[in-house]
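Worksheet for the structure shown next.
Nothing here was measured: the structure is a model prediction, and the numbers come from that model. Proteins come first, then strands; the chains are lettered A, B, ... in the order of their sequence lines, and each starts at number 1. Side-chain atoms are counted along with the backbone in the values below, which use heavy atoms only and exclude waters and symmetry mates.
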Amino acid sequence: MTDSTKTAKYIASDIPKAYDPHLAESKHYQRWEAQGCFAPEKNRDPQAPIFSIVIPPPNVTGSLHMGHALQHTLMDVLARYHRMRGYRTLWLPGTDHAGISTQIVVERELKKEGLTRHDLGRERFVARVWQWKEQYGSRITEQLRREGASVDWSRERFTMDEHLSRAVREAFVRLYEEGLIYRGDYIINWCPKDQTALSDLEVEKEPFQGKLYYLQYPVKGSDRRITVATTRPETMLGDTAVAVNPHDERYRELIGQTVILPLVGREIPIIADESVDPDFGTGAVKVTPAHDPNDYEMGRRHNLPHVIVMDQHARMTEAAGPEFAGLDRYEARERVVQRFSELGLLERVEDYEFAISRCDRCRTVIEPLISTQWFCRMNEMARAALEALARGRGPRFIPEVPWTKVYSDWLENIHDWCISRQLWWGHRIPAWYTEDGRLIVARSEDEARAKAGTDRLEQDPDVLDTWFSSALWPFSTLGWPDETEDLKTFYPTSVLVTARDIIFLWVSRMVMTGLKFVGEVPFRDVVITALILDKHGQKMSKMKGNTIDPLDLFDRYGVDATRITLAAASTGTDVRWRDEQVESFRNFANKIWNAARFCLLNAEGATVGRGFSEDRGRWALHDRWIVSRLNRVTERVNAAIQSYEFHDAVQALYHFFWDDFCDWYIELAKVDVTASEASPAVVDARSRLLTILEQALRLLHPFMPFITEEIWHRLPGAGKAQLHPAYADAEPTIMLASFPQSDAARRDEQAERQMQSVIDLIKRVRNIRSEMNIKPSEHVRVLVGAADAHLREVFVAYVPHISRLARASEVLIAERLEAPRASARAAVGGAEVAVPLEGLIDFAAERERLRRERAKLEKEAEKINAQLANTGFREHAPAEKVEEVKRRLADIEQRLKSLAQALEALG
RNA sequence: GCCCGCUUAGCUCAGUGGUAGAGCACUCGUUUCACACGCGAGGGGUCAGAAGUUCGAAUCUUCUAGCGGGCACCA
């Protein structure tokens, strides 16, 4: 399509009456992508400011959910907005290798073939996962395209890319060399199903209705027994002590003595430890250092041996004794309890609620196990992050409350991070062992050989926590550890948009690594989005089956409607999803479509950008008015997007478009543009209509990219002329047009006030018509009295419009209202209006209507009078405010006077 | 146990000291030449409750109640 020479001559059938979103959705994205519109290189201005976002990488195994749709919408609004403002804009896409999830998915596939990953062996299994990734990993990226996400596909990244893997090894080696990564035996969270260690953040605590078992242990050399309480009796097989509080009188003389562990026969000491709460249970605690984190700590303090009675499958080991070895942990529990009962050593069992830890992926109950793992020391890095925050180096959370505090509280109480996972899919830990047991950490196997001085090395079998690579995402994707142009240009990024549940897991870790490796917090702002709940206020989850599929919404309502609904809902507080809401925005899209349809059907000879002559003094009032209103919404939308108040931008756009533009401007313009002869004045009026529409489309584009592009291309005169100078050589597209900016010179308070009088007048007449039950086909006479000469002039100029919109056969404007007795009357600011209703008026009903109106005004006047009578108000309130209130009162009083006269006239 | 958020029209939510708002739903009218996914006109709220600060409170403070969330402990 050519631009400025394009002339619109549409016939009604060229433009369907109802907007079909799928048409526009199927055609524009491909072209944008093909023309490189998403790449920052499209911007030719060397001085252009920078705007950059990295996407929170979705799992390759994943499918789009509502949280993604919300986040992507907001990111896209920001990216499109800044791009249109001439920023060199990068929104970098990519996916995450999602270690456990992906491995599980592929293992499940193998199972169908009757195989396990062990049948294949590590190398072939990993190859198989890659194969899976190539085949299915594009699902989520295709969904991003469907959403209209303006991401730069030329910079798409995957956490397992060679380059990003190099960044992972580099980070690991540097941290290791600084002593921030260490390896050792500690008690960790073990998932017996996934067969791997997990970090504290990957387990979920959940209340559990369990039992508290009171077990009696015989004290050696006496007939005394000491009773301990436990929720996990099976672990008693691994007890290596019983602990009591040193100040507990009941047990004082037992400290230092020995008990004989029932079922096992092991002799274990009774020790004293301050951590024992004398008021809980019996005040005596069994100590199982190998199977409980607290006991582990106590064991360290008292040098207790570790007896490992459970293996990685949560089955009892040989050390548990022949009677129990091989049993599952729950079978063992039953057996232990039964045996204690038989021995008369089970004192009692109580119902007891406590918290159990579950694997947040598979819900299996976590088993605390001692094992050799790699850890990252977090203290120092957390302190650096806290200091950056305190010094205003970021990040700034939006909304600030409560996230800043949530973030800093977590950093202040940080624990070391278990980073090794017993998986095959992931970044293998860059550590090797020599035959003589030396540990070599290196960037590559070659480097390790050189360091070790031998070729006979074995690499550590474990891989790193997926979040370890995610933590590097904002800079590894831009080329780190190389000092690339991209890294220099786009780091730190402008903003991160993400969900609250990964503030610790991801956001804080990116801050820490960003500071550590690049020296700067990786993003200026962090937008934490609301949660989308189902209509009952429940969190959506696959398990509950209450999820809503964004793709389904796209099909039913269109992408644009879904996007703007999400943008409108995106405040700090969670929102319940209701389809009715999308429906109303689908209606909005249809409204936009039909407004454009009207403009185009009346566009012959007209061109975007024309029709507003230089001499503003000659503009019609409604033209000055719409330009002022447009300027107002432009200002508000810009401000709202910049402060991440997307819902406010949507509100402003919705009401400007629907109320101001459609309900009034188009309706008023009909008088001018539908003339049969295309005189210069008519063409100008048509051009003005197109010009305002085109501006509105640009304001809407970041929220509704498809419909705006579709219409924009049909507008005569929309083309290169509207492109932002930074994209001057690009093919015309609204996504590279300048985003409108407000201009104080276009504000026109007087026009807004005068236009409001016209609008009010029309509304009063319509109100009378409605209340008097006048048929739409019936045209009425409208009599207007206005003392102010300027206002009379305005009304006179708008007689044709008033006639049309109030369905009047005649409109008479006079200084004083003179109307027959049989008239319905109303008062507007500065004017009185009467509608003669010979034979139609019900005097009683009309009196009733006027009295209702008067009562309303009197109530308001009373309130204002009371306020003005208050000396405190007059003395303390700002003079400006007092004046405003006085003006309001004067206006009300004038209208009351008119009403009184109207009632009098009725008799 | 500690911390935080929310409570505004029937529903879902905006609204940070000065006239209580929107969308949907509802009522009435309407197929008027862009749009019935529309047009026009309406009704509807002790802003959870109490006390305070202030000339003035949905808005600031304290307390109470209900709902929701996070963290810690849990033998």
Side-chain angles (χ1 to χ4, degrees), chain A residues 12 15 17-19 205 212-215 228-232 235 242-243 275-277 280-288 292 294-295 352-355 399 401-403 405-406 409-410 413 500-501 503-504 531 533 535 537 539 557 561 565 568-569 571-581 583-602 645 647-648 651 654-655 662-663 666-667 670 674 762-763 766-771 773-777 804-807 860 863-864 867 870-878 880-882 884-885 888 892:
Chain A
I15 312 169
K17 269 174 91 159
Y19 174 58
K205 304 275 178 143
L212 190 58
Y213 301 87
Y214 288 80
L215 308 180
V228 295
T230 179
T231 55
R232 305 188 59 203
T235 62
V242 169
S275 73
V276 179
D277 176 3
F280 187 91
T282 60
V285 187
K286 59 189 274 308
V287 185
T288 324
D292 180 281
N294 292 321
D295 292 2
Y352 182 63
E353 187 187 309
F354 58 101
V401 178
W403 307 119
K405 194 166 144 48
V406 167
D409 282 355
W410 185 75
N413 298 298
R500 73 180 64 148
D501 51 344
I503 292 177
F504 308 146
L531 233 49
L533 309 171
K535 67 177 169 192
K539 215 167 152 172
Y557 303 104
T565 307
T571 57
T573 44
D574 298 344
V575 275
R576 297 178 189 209
W577 185 265
R578 279 160 48 262
D579 281 352
E580 294 92 318
Q581 193 74 35
E583 220 168 278
S584 78
F585 280 106
R586 178 206 55 191
N587 296 351
F588 182 51
N590 193 54
K591 189 73 180 175
I592 295 170
W593 181 254
N594 276 289
R597 186 165 180 265
F598 173 82
C599 294
L600 287 168
L601 291 174
N602 294 283
E645 288 165 312
H647 64 279
D648 194 54
Q651 281 292 314
Y654 186 94
H655 288 111
C662 292
D663 287 354
I666 287 183
E667 293 303 326
K670 278 178 180 174
T674 55
I762 293 168
K763 288 189 143 207
R766 283 171 169 175
N767 175 251
I768 287 170
R769 295 184 58 110
S770 177
E771 301 245 347
N773 287 314
I774 295 165
K775 286 205 186 77
S777 55
R804 185 184 183 107
L805 299 179
R807 308 194 133 266
E860 214 179 318
K863 258 165 80 179
I864 299 176
Q867 194 175 16
N870 187 332
T871 52
F873 176 69
R874 290 201 311 273
E875 281 163 20
H876 291 91
E880 199 181 315
K881 183 58 68 185
V882 178
E884 187 195 311
V885 171
R888 236 171 56 224
I892 289 169

Base-pairing mate for [N] - Watson-Crick or G-U, with both contacts under 3.5 Å:
N	value
B:rA41	B:rU27
B:rA58	none
B:rU53	none
B:rC2	B:rG70
B:rA65	B:rU7

Could you tell me the separation between the [atom1] atom of [X] and the [atom2] atom of [N], rounded to a whole number of Å?
X	N	atom1	atom2	value
A:I503	B:rC4	CD1	C1'	12 Å
A:L805	B:rA41	CG	P	11 Å
A:F598	B:rC39	CZ	P	14 Å
A:W403	B:rG5	CH2	C1'	9 Å
A:E771	B:rG40	CD	P	16 Å
A:R807	B:rA41	CZ	P	13 Å
A:R597	B:rG38	CZ	P	15 Å
A:E583	B:rC35	CD	C1'	16 Å

Exercise for the section: For A:A589 and for A:A596, locate the closest nucleotide of RNA chain B by heavy-atom distance; then report the residue assigned to the nucleotide nearer the 5' terminus. Expected result: A:A596

Handout entry: Residue met sooner reading RNA chain B from 5', once A:R804 and A:A355 are mapped to nucleotides
Key = A:R804

Please classify the nucleic acid contact of [X] as base, sugar-phosphate, or nothing, using heavy-atom distances under 4.0 Å.
X	result
A:K775	nothing
A:N773	nothing
A:N413	nothing
A:C662	base
A:R874	nothing
A:I15	nothing
A:E667	base
A:Y352	sugar-phosphate
A:K670	base

Problem - Under-4.0 Å side-chain N/O to phosphate OP1/OP2 contact, A:K205 with B:rG70 - result: no

Handout entry: Under 4.0 angstrom between A:N767 side-chain N/O and B:rG40 OP1 or OP2
Key = no

Using the [atom1] atom in both, what is the distance from [N] to [M], to the nearest Å?
N	M	atom1	value
B:rG49	B:rA65	P	16 Å
B:rC4	B:rG10	P	32 Å
B:rG18	B:rU61	P	16 Å
B:rU53	B:rU62	C1'	11 Å
B:rG40	B:rA48	C1'	37 Å
B:rA20	B:rG56	C1'	15 Å
B:rU54	B:rC47	P	22 Å
B:rG66	B:rC28	C1'	39 Å

Where is the tightest heavy-atom contact between [X] and [Y], given as atom of each residue plus distance?
X	Y	answer
A:I15	A:R597	O-NE, 2.8 Å
A:T231	A:Y352	CG2-CD2, 3.8 Å
A:A243	A:V276	CB-CG2, 3.8 Å

[X] side chain near [Y] side chain, heavy-atom distance below 4.5 Å:
X	Y	answer
A:I592	A:F588	yes
A:V575	A:W577	no
A:R586	A:Y19	no
A:T235	A:K286	yes
A:I762	A:R807	no

Handout entry: Donor-acceptor pair under 3.5 Å, A:K17 side chain vs B:rC35 base
Key = no

Heavy atoms from C-beta onward define the side chain here; which of [options] lies closest to that of [X]?
X	options	value
A:K405	B:rG29, B:rC74, B:rC3	B:rC3
A:N590	B:rC3, B:rC37, B:rA41	B:rC37
A:F504	B:rC37, B:rC71, B:rG42	B:rC71
A:N594	B:rC55, B:rC35, B:rG42	B:rC35

Handout entry: Identified side-chain contact (heavy atoms from CB on, under 4.5 Å) counterpart of A:N767 within the set A:E771, A:R769, A:K763
Key = A:E771

Handout entry: Positive for side-chain contact (heavy atoms from CB on, under 4.5 Å) with A:V228, one of A:V285, A:V287, A:V242
Key = A:V242

Exercise for the section: Using a 4.0 Å heavy-atom cut-off, write out nucleotides 12-23 of chain B from 5' to 3' as B (base contacted by protein), S (sugar-phosphate only) or - (no contact). Expected result: SSSS--BBS-SB

Exercise for the section: May I ask you to check whether A:Y557 and A:F585 place their ring centers less than 6.0 Å from one another? Expected result: no

